[in-house]
Protein chains: 2
Amino acid sequence: MSLIRVDLRSRVPIFEQIVNSVRDLAIRGLMKPDEQMPSVRALAAELAINPNTIQKAYGELERQKIIYSLAGRGNFIASDLTGLMDTHRQALLHALANDAAQAYRHGIPVAEIEKTVSEAIRSANFGEEKGND
Amino acid sequence: MSLIRVDLRSRVPIFEQIVNSVRDLAIRGLMKPDEQMPSVRALAAELAINPNTIQKAYGELERQKIIYSLAGRGNFIASDLTGLMDTHRQALLHALANDAAQAYRHGIPVAEIEKTVSEAIRSANFGEEKGND
DNA sequence: TAACTGTACTACAACAAATAATACAGACGG
DNA sequence: CCGTCTGTATTATTTGTTGTAGTACAGTTA
């Protein structure tokens with residue numbers, strides 16, 4: 001059973017949910033480089049959706065170099081995810097800067113902005129305290 | 001000419017773009033309480049889209065209490081926007097906390113997170129230095 | 001050879017968004 | 001009162017995207 005999940009009621013297309021889900025799993029290290037993906041037909045059966053939808057998602061993941069495919073063998077997580085990790089790191093910092101700037105422009109005091117950030121970090125710390133490997 | 005803009009190529013529905021645009025203008029103070037909105041037909045003509053789409057957007061804005069309508073007179077920005085402002089303030093802080101926590105979990109050092117925030121605030125300062133009223 | 005794997009293609013169904021065309025009622029100014 | 005603006009409501013139609021269905025073909029592996 002794979003970690004990939006979709007919400008049929010969401011207005012985000014299913015194939016895109018799969019793309020986002022796999023990207024997220026790769027970034028979080030829950031799917032390792034060169035690890036084999038579920039086959040198109042197997043994942044389609046598990047999620048109870050059409051194989052073509054999975055194929056579309058895998059095609060997009062390959063285009064984004066998050067997975068690679070070997071004809072007749074299967075699809076695999078990319079061997080080198082450093083580019084993906086760097087992009088994600090940049091995106092995170094960009095979003096953070098954006099939110100901070102917007103909060104400031106909205107008149108929220110700098111002290112409150114900084115307090116929000118430090119408390120969020122403290123909470124994140126508790127959440128990750130244990131349970132790795 | 002109104003400040004409301006839409007992007008026909010976006011995958012966000014037009015009526016929703018209008019809702020978001022008006023909400024944003026109200027939050028940023030570019031549309032004042034009790035200010036009259038462009039009429040359904042006038043805005044439809046200006047944006048070159050169907051009046052029904054505008055009507056749908058205005059209906060949703062009224063449902064969200066961002067505007068009110070007077071039969072035969074027109075649509076107007078709500079007199080009291082404090083609820084909207086509070087909600088927005090909360091949403092901003094929530095997004096900020098979320099991004100900070102995610103950055104931390106991703107392994108970005110606390111120092112870098114804090115530096116990103118303070119520099120974003122400094123930049124926002126320059127952008128708002130003058131030009132009010 | 002059989003049973004997997006990925007890939008490609010066409011046709012069709014389903015749904016949401018947007019359009020089109022009306023119709024009706026309140027407000028306002030002459 | 002009349003004409004014209006305003007919002008509101010209704011129904012039908014078109015359009016585009018998403019997803020489904022079915023089929024076919026090629027590479028890999030045992």
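Proteins come first, then strands; the chains are lettered A, B, ... in the order of their sequence lines, and each starts at number 1.
- Listed here is the closest heavy atom pair of B:Ile4 and B:Pro38: CD1-CG, 4.4 Å.
- B:Arg11 comes within 4.0 angstrom of nothing in the nucleic acid, heavy atoms only.
- With D:dT18, C:dT19, C:dG6 as the candidates, the nucleotide lying closest to the side chain of B:Asn50 is C:dT19.
- Between A:Lys32 and A:Glu35 no salt bridge is recorded (no basic side-chain N to carboxylate O distance below 4.0 Å).
- Between A:Asn52 and B:Ser69, it is B:Ser69 whose nearest contact on DNA chain D lies nearer the 5' terminus.
- Using cut-offs of 30° and 60° on the angle between ring planes, the pair B:His106 and A:His88 is perpendicular.
- Residue A:Ile67 contributes atom CD1, which lies 15 Å from atom P of C:dT5 at whole-angstrom precision.
- Between the C1' atom of C:dG26 and the OH atom of B:Tyr68 lies a distance of 16 Å, rounded to the nearest Å.
- In this structure, CE of A:Met37 is placed 10 Å from P of C:dG6, rounded to the nearest angstrom.
- The nearest whole Å value for the distance from the CZ atom in A:Arg9 to the C1' atom in C:dA14 is 18 Å.
- Distances from the side chain of A:Lys56 to the nucleotides D:dA21, D:dG7, D:dT18 place D:dT18 closest.
- When rounded to the nearest whole Å, the span between CD of B:Gln55 and C1' of C:dA23 equals 13 Å.
- For A:Ala71, counting side-chain heavy atoms from C-beta on, the closest listed nucleotide (C:dA17, D:dG27, D:dG19) is D:dG27.
- Contact detail for A:Asp7 and A:Gln17: the closest heavy-atom pair is N-OE1, 2.7 Å.
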Subject >> Stepwise salt bridge (Lys or Arg N to Asp or Glu O under 4.0 Å) test for A:Glu60 and A:Arg63 >> reply: CA-CA 5 Å; A:Glu60 176 61 20; A:Arg63 205 193 58 76; 3.1 Å; yes
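- Applying the 3.5 Å distance criterion, the base of D:dG7 shares no donor-acceptor pair with the side chain of B:Arg73.
- Checked against C:dA18, D:dG19, C:dG6, the side chain of A:Ile14 finds its nearest nucleotide in D:dG19.
- At whole-Å resolution of the value, CD1 in B:Ile49 and P in D:dT15 are 18 Å apart.
- Phosphate proximity of D:dC5 to B:Ser39: absent, as no side-chain N or O sits under 4.0 Å from OP1 or OP2.
- When rounded to the nearest whole Å, the span between CD1 of B:Ile54 and C1' of D:dT6 equals 15 Å.
- Checking the phosphate oxygens (OP1, OP2) of D:dG7, a side-chain nitrogen or oxygen of B:Asn75 falls inside 4.0 Å.
- When rounded to the nearest whole Å, the span between CG of A:Leu47 and P of D:dT20 equals 11 Å.
- Taking every side-chain heavy atom of A:Arg41 into account, D:dA24 is the closest of D:dA24, C:dA17, D:dT18.
- Map A:Thr53 and B:Gln36 each onto its nearest nucleotide of DNA chain D; the residue landing nearer the 5' end is B:Gln36.
- Residue A:Glu62 is classed as a sugar-phosphate contact, given heavy-atom separations below 4.0 Å to backbone atoms only.
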